[in-house]
Protein chains: 2
Amino acid sequence: MFLKNIDLIKGLYYSKAASLNDLSIYTGRSVPYVTKGIADLIKSDIVKEVGIRASSGGRKPATYSLIAETGFIISVAMNQFLTRIVIVNMSNEFVGEVQEFELKLNDNKDAIHSLIACIQAVVVNSGLPKDKFLAIGITMPGFIDAFLGNNLSFLKSPEETLVTYINKQAGLPVFIENDSTAIALAEQKFGLPIARNNSMIINLGWGVGLGMIINKEIFKGHSGFAGEFSHLPLHKNGKLCSCGKQGCLETEASLLAIEAKAIEGLRQGEVSSLVKYDTLSADDIITEALKGDAFAIKIISEAAYFIGQGLAILLHLMNPESIILSGKGSVIGKLWLSPIQQAMNEHCIPHLTTYTQLAVSNLGNNAQLLGGVTTVIENLYKLSPQASISEPA
Amino acid sequence: MFLKNIDLIKGLYYSKAASLNDLSIYTGRSVPYVTKGIADLIKSDIVKEVGIRASSGGRKPATYSLIAETGFIISVAMNQFLTRIVIVNMSNEFVGEVQEFELKLNDNKDAIHSLIACIQAVVVNSGLPKDKFLAIGITMPGFIDAFLGNNLSFLKSPEETLVTYINKQAGLPVFIENDSTAIALAEQKFGLPIARNNSMIINLGWGVGLGMIINKEIFKGHSGFAGEFSHLPLHKNGKLCSCGKQGCLETEASLLAIEAKAIEGLRQGEVSSLVKYDTLSADDIITEALKGDAFAIKIISEAAYFIGQGLAILLHLMNPESIILSGKGSVIGKLWLSPIQQAMNEHCIPHLTTYTQLAVSNLGNNAQLLGGVTTVIENLYKLSPQASISEPA
DNA sequence: AAAACTTTTTATTTTTTTTAAAAAGTTCAA
DNA sequence: TTGAACTTTTTAAAAAAAATAAAAAGTTTT
């Protein structure tokens with residue numbers, strides 16, 4: 001669709017409306033060069049001028065933005081139990097509602113086919129012509145090899161890579177990314193300003209994920225496995241973890257651990273509004289905690305304290321500008337804050353806590369979906385006409 | 001001395017002899033551009049051609065290197081008790097012997113003056129004309145603000161910054177850096193190839209330091225305090241640490257802890273060749289461990305296991321290409337290796353240990369001195385004629 | 001209301017890279 | 001062992017991009 005000027009498109013996507021100067025700074029190229037590029041993009045009907053912006057003493061700059069309907073991206077955000085899909089336009093606006101599908105990742109041979117069916121349903125129901133879709137961005141837990149396009153933990157496809165398989169079935173380019181990495185990408189591009197340069201993004205979910213932004217870039221380690229916060233060996237509780245080891249942080253601090261603790265507590269006769277639920281879920285605990293249920297708040301606070309202990313270690317090693325609580329669990333952000341801060345203060349050299357800000361994401365439950373979009377935008381350069389798209393079988 | 005082409009000089013310094021192609025890759029600039037730059041440097045008598053190198057099927061490249069006597073760097077490597085100083089030429093060769101001075105950093109008001117006296121002695125004894133010295137690179141423990149030129153922990157100077165003060169007294173430009181960061185720099189530039197891109201450099205010394213190389217660059221965190229490995233809160237031993245907290249890794253795993261354990265053990269009647277020393281030092285323990293003393297080896301192995309536990313955490317978070325054991329304690333490198341590897345295997349997800357290499361530095365006890373030189377080379381661009389050098393009082 | 005200052009935009013010059021061609025070797029096979 | 005085919009380095013010419021300078025369009029101050 002558009003070969004050149006990919007960096008300009010990226011800059012425009014992340015900023016809504018940008019001046020030539022903004023784009024020159026973003027891309028690191030000269031103003032005349034950017035000026036030419038934008039002229040090209042306007043001629044190709046990808047970019048439009050959107051008016052003059054105020055200035056603090058000088059000529060007012062013309063600002064530009066992408067034309068929303070130029071293309072659409074399908075973002076697929078998966079977790080262990082639920083898959084959420086939404087269509088997003090080039091103004092980073094959701095087109096239609098977010099659609100939810102129950103889809104179990106673990107021990108589910110049919111997971112790939114279910115996923116493809118979900119995606120195809122969304123495409124068809126949208127009523128949009130297929131050639132308007134740029135690509136599909138799928139984000140999910142597990143060890144992801146984004147380069148080869150495989151998930152080493154879930155959705156294993158025989159013979160060909162996961163990305164190739166879905167690409168063939170759906171007839172659209174596909175990019176995959178780890179859920180926590182995707183959330184970090186979303187926070188960096190659309191979140192709080194303090195998350196841009198050196199930030200540790202915590203994904204509060206069925207595990208406790210970590211995406212690291214180091215020197216303005218996502219850091220994934222030498223072989224792509226960095227950020228294994230969830231499996232930090234911090235406890236001597238003897239609890240077996242899904243990874244095979246014992247005492248991992250996630251055995252005490254994940255939503256899964258919270259769920260288990262709540263069920264156990266209720267069986268031992270804790271007084272709580274949680275007793276009214278037949279099959280207790282993490283969502284129920286979150287709901288009741290927000291309403292003020294003391295027991296629900298207590299188990300969440302306990303988990304939060306353990307996360308704070310882990311963050312103390314992260315602080316000693318990384319000295320980040322900020323720690324952002326994001327992901328599914330961040331909707332009860334304020335409940336986490338004080339026990340986490342407490343644990344950090346107790347376990348850190350004072351120097352370190354004073355320079356790092358702890359904050360709750362402002363992206364709510366949409367962080368992972370935005371991360372899927374960002375994954376596509378960051379891979380836009382791979383969508384040149386040469387890298388042709390296979391048609392569905 | 002030389003304004004432009006600083007990157008070329010850096011490339012030549014780190015590679016001994018480089019072809020135009022090598023330098024083009026190193027600097028990221030085109031071959032014709034590099035060719036011009038080298039021609040300039042040859043005209044200025046800074047660079048010389050040093051012959052033709054073998055090729056694997058093609059025209060043999062001419063190689064170039066810096067002229068050794070163009071300038072000299074004074075490297076000052078300090079630790080809690082000892083200061084080592086050496087003069088280094090532009091071929092990265094030591095000129096004369098490394099000189100050692102006993103100089104206590106802690107509770108020593110006179111430390112700055114002693115340091116300046118030591119430096120001046122080395123300059124005078126060298127017999128080299130003063131204008132041949134480029135700069136002094138001082139490396140030492142503590143929270144270093146390399147930008148402002150201050151050490152927040154030791155050598156506090158009233159009124160002006162540490163760097164300004166020494167600069168005035170010695171009449172030469174001064175750069176300072178944290179000892180562990182300096183060692184990481186040295187390993188990156190002169191150490192094993194696996195230390196270049198993503199590597200965790202452990203400084204085995206009076207504490208357990210950490211310098212991080214992330215995406216080919218030294219990472220110091222948002223406010224310069226990253227890599228506080230020594231004060232990772234990993235133990236519940238109640239031992240008070242110099243940082244004010246309890247249970248830091250260094251209370252069990254540093255040379256200081258090893259020393260204390262040995263003295264305590266001997267008092268409790270351990271059989272060991274260490275009994276013959278009046279005032280036992282870490283050096284003595286190292287010496288006897290190398291000779292095979294069982295008790296000395298045992299306490300070193302215990303410390304090593306604790307370091308391995310800490311490294312397991314580092315591995316989960318950073319997934320580095322390599323972990324390099326460097327610094328003063330690395331001379332007994334082989335003694336550390338197996339207990340560290342053991343602890344890492346026990347506490348890590350298998351995926352992670354298989355992709356990370358554990359190795360002992362090949363720089364021996366010179367890593368910190370080379371780090372001081374590297375600190376100067378990395379700051380070469382600040383030595384332009386404009387940034388004039390103050391003359392001594 | 002005009003002078004002084006800012007910021008953006010456009011035009012011109014200079015720098016740097018890209019591309020192409022030439023030079024100098026190496027390798028392999030008849 | 002000799003020359004064709006291939007590699008790599010070096011040099012030369014063309015194209016691209018950046019830096020600089022100038023002009024345009026505002027804002028602020030006096």
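Worth saying up front: this structure is predicted, and the values here are computed from it rather than measured. By convention in this document, chain letters (A, B, ...) are assigned in the order of the sequence lines, proteins followed by strands, and residues within each chain are numbered from 1.
Between B:Tyr33 atom OH and D:dA19 atom P the separation is 11 Å, expressed in whole Å. Atom C1' of nucleotide C:dT17 and atom CG of B:Leu23 are separated by 17 Å, given to the nearest angstrom. Spacing between atom CG of A:Asp40 and atom C1' of D:dA17 amounts to 15 Å, rounded to whole angstrom units.
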Sub-3.5 Å pairs of nitrogen or oxygen atoms, protein against nucleotides 2-12 of chain C:
from  : atom 1 : to      : atom 2 : distance (Å)
C:dT6 : O4'    : A:Gly57 : O      : 2.9
C:dT6 : O2     : A:Gly57 : O      : 3.4
C:dT7 : O2     : A:Arg59 : N      : 3.1
C:dT8 : OP2    : A:Asn21 : ND2    : 2.7
C:dT9 : OP1    : A:Ala62 : N      : 2.8

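Side-chain N/O atoms of B:Ser326 and B:Glu187 include a donor and acceptor closer than 3.5 Å. Judged purely by distance below 3.5 Å, without hydrogens or angles, the side chains of B:Asp22 and B:Ser19 pair a donor atom with an acceptor atom. There is no side-chain donor-acceptor pair under 3.5 Å between B:Tyr355 and B:Asn319.
With axes fitted over five pairs at each extremity, the angle between the ends of the helix from C:dA1-D:dT30 to C:dA30-D:dT1 is 10° (10° resolution).
Ion pairing between a basic and an acidic side chain is recognised when a charged N comes within 4.0 Å of a carboxylate O; A:Asp145 and A:Lys220 show no such pairing. A salt bridge links B:Lys10 to B:Glu378: one of the charged nitrogens lies within less than 4.0 Å of a carboxylate oxygen. Checked for salt-bridge contact, A:Lys132 and A:Glu69 miss the test: no charged N lies under 4.0 Å from a carboxylate O.
Sorted by first and then second residue, the salt bridge (charged side-chain N to carboxylate O under 4.0 Å, His left out) pairs with a member in residues 354-364 of chain B form an empty list; sequence neighbours excluded.
Taking each heavy atom of A:Leu383 and A:Ala135 in turn, the nearest pair found is CD1-CB, 4.3 Å.
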